[in-house]
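Source: prediction; values computed, not measured.
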Amino acid sequence: MKKTKQIFLCLILSFSFYFGIHQQIAAQNKPDRFKLLRDSLDKLSDDVIGLDELIDVSINQVNITDFLRGVSKTNAVNISVDPTLDIKITSSFTKVRLKDLLIFLCKTYDLDIQILGNILIIKKLTIPLDKPKIDPPYIPNITYSQSCDCLSLDLKSDTLSVITKILSKLTGKNIIYTQDLNNTMVNGFIQNASLEQTLEKLGMTNGFNVVKTYDGFYYIDKKSGNKPNEGLTETQKNQLPKKSIEDSTQLNIEIDSIGMINISGTNVPIQMVIDKLVKKAKLNYFNYNEIKGLTTLNLKNISLLELLLYLFKGTTYSFRYDNSIYFFGEQQAEGVKESRLFKFQNRSVEKIADFIPAEIKKGIDIKEFQEQNSLIISGPLTNIINMEQYLRDVDKLVPMIIIEVLIVDSKTGHTTKTGLEAGIKDKASVSGGKLYPEVNYNLNAASINSLINSFNGYGVVKLGKVTENFYFNIGVLEDQGIVKKRSTPKLATLNGHEATMTLGNTEYYLEESNNVIGSQNPQNIITKQYKSVKADFTLKIKPIISGNEQITLDIKVEQSDFTGRISPQAPPGAVTRNFESMIRVKNEEMILLGGLEAKSLSDAGSGVPLLGRIPILKWFFSSRTKERSSTKLNIFIKAIIVY
């Protein structure tokens, strides 16, 4: 027992000695980071002299950032400190080089210095973690020669899932297998054989079956005594070769005496449908490509064209009929493309291509043929037929709308003028005027003197005569007026298109400009120019027909008119009225758009102060004018649909 303990103690001491020696050797081989740091600073000090300058410093609980900022300014050294460092320094240094001080700080506070040009970046030391060693993935020994389309492999207990994945990537062929074979181990050595031969020989030696399916897949299942398709899912059954599919799939096709077809089948390959169909109907056909994919159909009393359209709808395949031969293949194959001319009967071809959905235009080239109001369509026949069906749906008769407009612009005015007026003119006036139905009579000096003479001699009152230029006017009148303007234009436009009507009036005014040319012999040049001013009535209507012959009208009305001039040479004033409205009316229904009304009222007068405001007396000592006017614009609109 004692001897055993001694042996165990010797083993421990030997292991400790070996481990210590190994650590010393590793430490000697590992480079000292401070030595590397010193070498870097020594090399940098040739360009940055401040690193070798001596400094004296004594600090107590000073932040390292503030300390190094002061040192960098003193020694003219570019130092950047990580802002996340929160270190307080307490030290005293005498005649120490700056680079020695920086190394001391790195050792004491676990810092690191990164040198970028002549900039020192001081940050916390980060020790990189050793990356774990990852063994490269195991790849079975399989090679493929594209020139001879042959495989060579040397397999030693490799899984079937890995092998099939590598074989599919190398050859571009699809290989599938049942889930119970996922971890099956495969062994074998084959030299320069095709994929089909390779899979067949591996299946023979490793206990599984390999079958090439109808659409080019290789299907692998376990060898057993079961029936051919027992235990397979529907998807796996669909991948079986042609013979197996025909045995397990029921496809019924019947063609009557007039060529109408009854067909039914579930998960049937499209190529099988075409093969049986052309044989049953005794058609001439040509396949550019193998038609891949499955279909389920149950159609009765359908034509051959309709059946083919349903069969290829949503696929990348199409067909074409030419000289009693049917051509089948990919849509991009030239043999199945066709060109047709679609002529519009009811609408214009212009810009119609912009309204065709992108999904319908996919794979089709469209050109406008405006001379014949047609579209030239080129592409796969299945896409062309879908396009033609859409164009027939939109080629409808576009209704026209006749818009009858009745514009009534009425103006009413009422003016009352009363009062007496007397004065002296530059020359003698003439007596005369109106006495009925309005009173507006003017008396001159002779008439007034005759009237005065007729009063003189009665009583004690005697009036003197007036001067010969004196006049006296008596005015009592009332004026009313109603002016109506009517216009009845008619507009016609297509549904959804705007109709515009403009009625305008233009007046001119004179504009003079005076220009002086020259300084020593100035010449005065007067230029006269007549300029125009327009007043328009504009009506814009955009009709849109909806259901039950309802018409939505988007109406915009703008009206401008002239007002009086402030002087004969001045341009006329203008007043503008406009409104916008959107309404709905029935066919042949009339509506009234009104509300554009303007009213004005004025009451002006002049007279003798105080006396001109006293009732009754004011009629003899004042002259007054009252004016009231109203302007109203009414628009009646009637829309009529014409097909």
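- A 4.5 Å side-chain heavy-atom check between Leu199 and Thr164 finds every atom pair outside the cut-off.
- The two atoms that bring Leu37 and Cys106 nearest to each other are CD2-SG, 3.9 Å, heavy atoms only.
- The side-chain heavy atoms of Asp393 and Gln389, taken from C-beta on, include a pair separated by under 4.5 Å.
- The two atoms that bring Thr315 and Gln331 nearest to each other are O-NE2, 3.3 Å, heavy atoms only.
- Counting only residues at least two apart or on different chains, the salt bridge (charged side-chain N to carboxylate O under 4.0 Å, His left out) pairs with a member in residues 295-321 are Arg320-Asp322.
- Listed for the Ser546 side chain is a donor-acceptor partner under 3.5 Å among the backbone atoms of Gln550.
- The closest side-chain donor-acceptor pair between Asn192 and Ser152 falls under 3.5 angstrom.
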What do the steps show when you test Gln345 against Asn373 for side-chain hydrogen bond (donor to acceptor under 3.5 Å, both in side chains), and what is the final call? CA-CA 8 Å; Gln345 303 296 327; Asn373 197 38; over 6 Å; no
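- Between the side chain of Ser168 and the backbone N or O of Lys173 there is at least one donor-acceptor pair closer than 3.5 Å.
- Judged by distance alone, the side chain of Ser374 and the main-chain N or O of Phe369 form no donor-acceptor pair under 3.5 Å.
- In terms of modelled atom types and a separation under 3.5 Å, the side chain of Asn495 and the main chain of Ile545 share a donor-acceptor contact.
- The shortest heavy-atom contact between Leu202 and Asn187 is CD2-O, 4.0 Å.
- Taking both residues in full, the closest heavy atoms of Ile253 and Val273 are given as CD1-O, 4.3 Å, listed atom of the first, atom of the second, then distance.
- No salt bridge links Lys124 with Asp110; every basic N to acidic carboxylate O contact stays at or beyond 4.0 Å.
- Asn289 places a side-chain N or O within donor-acceptor distance of the main-chain N or O of Glu330, the cut-off being under 3.5 Å.
- Contact of the Leu195 side chain with the Tyr218 side chain is registered, since non-hydrogen atoms from C-beta on lie closer than 4.5 Å.
- Judged by distance alone, with hydrogens and angles left aside, the side-chain atoms of Asp395 form a donor-acceptor pair with the main-chain N or O of Asn346 at under 3.5 Å.
- Side-chain contact between Ile356 and Ile366 is present, with at least one heavy-atom pair separated by less than 4.5 Å.
- Classification of the Phe342-Phe344 ring pair by plane angle, with boundaries at 30° and 60°, yields perpendicular.
- Using modelled atom types, no side-chain atom of Asn287 and backbone atom of Glu290 make a donor-acceptor pair closer than 3.5 Å.
- Checked for salt-bridge contact, Arg38 and Asp42 miss the test: no charged N lies under 4.0 Å from a carboxylate O.
- Judged by distance alone, the side chains of Asn209 and Tyr219 never bring a donor and an acceptor atom under 3.5 Å apart.
- Side-chain atoms of Asn383 do not come within 3.5 Å of backbone N or O of Ile364 as any donor-acceptor pair.
- A distance below 6.0 Å separates the ring centres of Tyr288 and Phe286.
- Annotation: Leu341, atom CG; neighbour count of heavy atoms from other residues, nucleotides and ligands within 6.0 Å is above 12.
- Applying the 6.0 Å contact sphere to OH of Tyr285 captures more than 12 heavy atoms from other residues, nucleotides or ligands.
- Under the 4.5 Å side-chain criterion, counting only non-hydrogen atoms from C-beta, Lys123 is in contact with Gln114.
- Formation of a donor-acceptor pair under 3.5 Å by the Asp100 side chain with backbone atoms of Leu98 is not found in this model.
- Of the charged side-chain nitrogens involved, at least one lies within less than 4.0 Å of a carboxylate oxygen, so that Asp66 and Arg69 count as a salt-bridged pair.
- Residues Glu338 and Ile384 are in side-chain contact: their nearest non-hydrogen atoms beyond the backbone lie under 4.5 Å apart.
- Taking the side chain as every heavy atom from C-beta outward, Val336 and Tyr326 never approach each other to under 4.5 Å.
- In summary, the side chains of Thr266 and Thr296 do not present any donor paired with an acceptor at a separation below 3.5 Å, with no hydrogens or angles considered.
- Counting only heavy atoms from C-beta outward, the side chains of Asn386 and Leu309 never approach each other to under 4.5 Å.
- Between Leu304 and Leu283, the shortest heavy-atom contact is CD2-CD1, 3.5 Å.
- The backbone N or O of Lys292 lies less than 3.5 Å from no partner atom in the side chain of Gln271, so there is not a single donor-acceptor pair.
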